[in-house]
Number of protein chains: 2
Amino acid sequence: MQIQYQDLSFEVYKRLKTMILSEEFKPGEKLKQEHIAKLLGVSRMPLHKAFQMLEDEMLVENLPRRGFYVTKIDHNLMLDVFECREVLEGLAVRRAVKVITKEDLDYLKSLFKPFCGKKKVDNKKYMEADQEFHNSLLLISGNEALKRFENVRNVLFRAYRGGLIREPVETLPEHLGIIDALENQDEKLVVQLTLEHSTKTQKVLVGKIEEETKSKFVFIGDEA
Amino acid sequence: MQIQYQDLSFEVYKRLKTMILSEEFKPGEKLKQEHIAKLLGVSRMPLHKAFQMLEDEMLVENLPRRGFYVTKIDHNLMLDVFECREVLEGLAVRRAVKVITKEDLDYLKSLFKPFCGKKKVDNKKYMEADQEFHNSLLLISGNEALKRFENVRNVLFRAYRGGLIREPVETLPEHLGIIDALENQDEKLVVQLTLEHSTKTQKVLVGKIEEETKSKFVFIGDEA
DNA sequence: TATACTTAGTCTGTATACAATAAACAACAC
DNA sequence: GTGTTGTTTATTGTATACAGACTAAGTATA
């Protein structure tokens with residue numbers, strides 16, 4: 001593995017990304033260039049480059065001559081992204097099942113080992129493992145184009161900010177089941193399990209959104 | 001429709017894009033910033049922004065401290081992209097079949113009208129219609145995330161440069177069949193037809209690649 | 001003759017400075 | 001008092017300048 005030079009803007013990008021994902025910058029907030037440039041001690045040029053990277057990952061939006069704003073997490077967009085993830089992940093596992101190595105499998109297993117057999121799990125840590133698991137599936141597939149769909153992952157990561165969509169006690173067995181099917185190179189099963197896993201989460205999400213929408217209507221009713 | 005300001009870099013981006021797609025800049029060619037900046041009469045800053053946009057569409061690659069290069073059309077990448085398009089388009093038509101309007105259908109039909117019943121068709125024009133057809137499917141779906149996968153389209157556009165992968169006489173009925181199924185809101189059929197359409201093209205592409213690889217080996221043999 | 005090292009030149013990455021535009025606020029007219 | 005217009009201020013978009021890194025050519029040495 002050779003050492004790769006990373007320019008300043010990449011550092012800025014990483015920093016801003018964590019700040020957005022941790023909601024130090026709130027959705028809808030304007031990101032003032034000069035202000036942030038001073039904050040991070042860089043000029044506006046590498047900053048601008050970083051903004052663009054974030055734009056491609058759907059973390060910020062650019063309004064010409066107005067500036068960059070943190071994208072609001074829109075529920076409809078979230079569902080749209082989930083749909084895409086579903087089919088892309090389906091593709092990923094179909095390929096992964098053919099090329100997966102013992103090392104890959106060991107890695108996937110290691111992600112969830114800390115949570116197996118535990119009654120109570122650290123939700124934040126589990127969330128990270130969950131993310132990494134789904135990301136790894138894309139990478140293991142070996143499809144170069146798939147690897148580029150990182151923007152999909154970011155929107156979903158932000159979706160998780162309100163907490164996990166489903167409980168670990170429910171999803172952990174599903175994850176392990178997918179790993180098992182990959183190990184046994186059972187293409188049909190792994191595709192089925194991945195699809196089910198995704199569909200279940202989407203259904204719960206739709207339910208939550210409906211709830212939210214309802215309570216919003218009530219609130220508006222109170223105002224009138 | 002309100003007037004939107006487009007910054008210089010967007011103009012530069014569009015210009016460079018056509019130059020790359022028309023192979024004024026050859027695959028693998030280095031894009032010297034200062035040189036192109038002078039050529040287009042802009043500074044290196046909007047140029048840099050344009051380069052980044054192109055990078056996200058997989059039209060150029062950036063090597064840190066080396067500069068930007070036009071991406072070589074790699075056959076493996078092309079197949080990877082085709083796989084992604086297949087599943088994304090599957091998703092697109094599943095949604096499209098539910099929300100498609102009469103206007104959408106008329107537009108899709110109008111794309112291929114000039115070629116219907118003709119014995120000989122202008123391949124270049126047909127290629128453009130083909131592109132627009134597949135792009136439209138993504139747009140009609142209404143899935144915001146799907147619309148963002150433009151990079152997929154660009155790689156494939158470049159794949160077409162060597163000519164159409166399959167003949168219009170073969171693909172035209174397939175396209176019309178998909179439109180018909182959309183009109184009849186036959187979800188199952190439209191998904192099946194779209195999948196078949198894509199799979200056939202991929203198969204032909206794989207065959208062409210194998211041919212090419214073979215002839216390359218012969219060439220190398222001659223050299224030795 | 002081939003290889004390694006030095007040095008000049010070119011190009012990228014970053015910072016600063018300037019111009020153009022949008023937002024905010026105050027003054028004026030209705 | 002409200003709405004509109006003009007002016008100021010803040011912020012973005014673009015150009016230029018400089019420093020550091022890479023490339024390549026040329027010379028010296030084995």
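Lettering of chains follows the sequences in order, A, B, ..., and the numbering in each one begins at 1. Bear in mind that the values here come from a model prediction, so they are computed numbers and not experimental data.
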In whole angstroms, how far is the [atom2] atom of [N] from the [atom1] atom of [X]?
X       : N      : atom1 : atom2 : value
B:Glu34 : D:dC18 : CD    : P     : 14 Å
B:Leu8  : C:dA19 : CG    : P     : 17 Å
A:Leu47 : C:dT16 : CG    : C1'   : 15 Å
A:Lys32 : C:dA23 : NZ    : C1'   : 11 Å
A:Leu63 : D:dT11 : CG    : P     : 16 Å
B:Arg44 : C:dA15 : CZ    : P     : 14 Å

Just checking B:Arg166: does its CZ atom have more than 12 heavy atoms from other residues, nucleotides or ligands closer to it than 6.0 angstrom?
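Enclosed.
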
Please check if atom NZ in A:Lys32 has more than 12 non-hydrogen atoms from other residues, nucleotides or ligands closer than 6.0 Å.
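No, because the 6.0 Å sphere around NZ of A:Lys32 holds 12 heavy atoms or fewer from other groups.
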
If you go through the side-chain atoms of A:Arg66, does one of them form a donor-acceptor pair with the base of D:dG13 closer than 3.5 Å?
no

Closest to the [X] side chain, choosing from [options]:
X       : options                : answer
A:Val42 : D:dA17, D:dG13, C:dA15 : C:dA15
B:His48 : D:dA15, C:dG13, C:dA22 : C:dG13
B:Pro46 : C:dA22, C:dT14, D:dA15 : D:dA15
A:Met45 : C:dA15, C:dA22, C:dT12 : C:dA15

Below 4.0 angstrom from OP1 or OP2 of D:dA10, is there any side-chain N or O of A:Gln33?
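Looking at the OP1 and OP2 atoms of D:dA10, neither is under 4.0 Å from any side-chain N or O of A:Gln33.
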
Does the side chain of B:Ser43 get closer than 4.0 angstrom to OP1 or OP2 of D:dT14 through an N or O atom?
no

B:Phe51: which of B:Tyr13, B:Phe25, B:Phe68, B:Tyr69 passes ring pair (Phe, Tyr, Trp, His ring centres under 6.0 Å):
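Among B:Tyr13, B:Phe25, B:Phe68, B:Tyr69, the one that satisfies the ring pair (Phe, Tyr, Trp, His ring centres under 6.0 Å) with B:Phe51 is B:Phe68.
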
Assert: residue with more 5' nearest nucleotide on DNA chain D, out of B:Lys49 and B:Lys30, is B:Lys49

Are A:His197 and A:His175 close enough that their ring centres sit under 6.0 Å apart?
yes

